[in-house]
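Worksheet: the structure to be examined is printed underneath.
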Amino acid sequence: MVEKREIESLVRKHIESKFSSRKQKEYIVAANWKMNMSAKETRRFIEKVKEEKIPDYLKTVIFPPYPYLPIFQEMLRYDKITYGAQDVAKEEKGAYTGEVSAAMLADLGCSYVLAGHSERRNYYGETPEIVARKTAAALRYHIRPVVCIGETLEERQGNRYHEVLKVQLDAVRQEIGDALSDCIIAYEPVWAIGTGVIPGLDQIGETHRFIHELLVSYTGISERASRILYGGSVNEKNVKDIASVQFVDGFLIGGASLKAENFMNILRLLRVDGS
Ligand code: PGA
């Protein structure tokens, strides 16, 4: 018997394939709410964003805290706006108190999951290997992982960031091989997250190119098929400039995604008509 979750996954894939056949440059605009918002605020936010006319080339994804995922499932079933979880267990199931499995996220209609956000790496001891296993767990349930990678300020200043990003990507590649091409990569310099400081556009461009070339050499992914988001202090003031950088395919937005108005302004700025 075909499971409900498989049907949902097929429908989501269909919606995605419609999206990816468009000519217009596409952006993934993702909101990472971290440990913020309430149930009431979540409902209000969704109501407002649902009213917004979002063109197909702007793929909107929201990552709320786990407890609010059922609200997204209820309010956005089969909507163009998709959602996902901020984390996932690396194990399949069993005696892992407090963990949430990929199967459970699939049941909740999640299309995406964040893996390896720097806050998880730094505060919860997630090693590149753990992040890689979480990525693999998501893929087993057809949930697209957004693998977050990024260097610290010290690593950037010491000119070691290429090496650091490569180690983070290599661990994932070792675990999932060519399926790396099914992942979205979010480049988030740790020193830009929540600080209001962003790298220069040339630095973003150079680093995204580096990540893109690694992905091409690893997976043979075609020129335009890699998906690399930028994250770290993105807001209404800087999003347009960053969007113009080559190999920037979207954004992972924290602070500026907590108010529907700010988030929608970012979407509006990315519209070709700019309205
Ligand atoms: P920020 O967070 O936009 O608040 O810097 C981004 C992130 O951590 O994903």
Side-chain angles (χ1 to χ4, degrees), residues 27-37 41-42 45 49 58-66 68-69 72 81-88 110-126 128 131 134-135 138 144-153 155-156 161 164-165 168-169 172 183-201 203-204 207-208 211 227-243 245 248-270:
Y27 292 100
I28 296 164
V29 187
N32 175 11
W33 284 0
K34 310 191 182 186
M35 199 169 73
N36 293 297
M37 306 292 262
E41 286 165 340
T42 298
F45 185 104
V49 179
L58 298 181
K59 179 95 190 138
T60 311
V61 190
I62 301 168
F63 292 99
Y66 284 137
Y68 305 142
L69 287 170
F72 279 78
I81 301 171
T82 50
Y83 57 91
Q86 297 171 16
D87 190 20
V88 62
C110 288
S111 305
Y112 297 87
V113 73
L114 295 181
H117 189 282
S118 69
E119 286 150 17
R120 304 272 345 147
R121 293 182 194 258
N122 296 335
Y123 307 152
Y124 302 97
E126 289 193 8
V131 175
K134 291 186 169 196
T135 306
R144 188 168 298 230
V146 178
V147 180
C148 306
I149 60 174
E151 80 285 356
T152 63
L153 187 58
E155 289 158 349
R156 164 68 60 171
Y161 61 101
V164 170
L165 298 172
Q168 293 174 350
L169 264 187
V172 177
C183 298
I184 293 165
I185 307 298
Y187 168 57
E188 298 206 299
V190 180
W191 47 282
I193 295 176
T195 58
V197 178
I198 61 159
L201 296 183
Q203 288 177 310
I204 295 177
T207 312
H208 276 238
I211 297 167
R227 288 265 173 275
I228 309 167
L229 314 186
Y230 170 78
S233 295
V234 174
N235 59 35
E236 291 149 86
K237 291 198 186 90
N238 56 32
V239 71
K240 260 202 114 149
D241 286 342
I242 307 174
V245 176
V248 170
D249 302 300
F251 303 92
L252 184 56
I253 308 164
S257 74
L258 294 175
K259 290 215 166 68
E261 203 47 49
N262 294 344
F263 187 61
M264 289 188 306
N265 277 339
I266 289 177
L267 287 166
R268 287 173 195 143
L269 284 160
L270 293 170

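Remember, it's 1-based here, ligands and their atoms both numbered in the order they're listed.
Smallest separation of non-hydrogen atoms from L58 and L267: CD1-O, 3.3 Å.
Looking only at atom types and distance, the side chain of E188 has a donor-acceptor partner in the side chain of H117 under 3.5 Å away.
Listed by chain and number, residues touching ligand 1 at under 4.0 Å (heavy atoms only) are N32, K34, H117, E188, A192, I193, G194, G232, S233, L252, I253, G254, G255.
For the side-chain contact (heavy atoms from CB on, under 4.5 Å) test, residues two or more places apart in sequence or in another chain that qualify with L258 are W33, N36, M37.
Between the R144 side chain and the S111 main chain, no donor and acceptor come within less than 3.5 Å of each other.
L165 CG to E151 CD: the interatomic distance, rounded to the nearest 0.5 Å, is 5.5 Å.
Checked for salt-bridge contact, E261 and R268 meet the test: a charged N lies under 4.0 Å from a carboxylate O.
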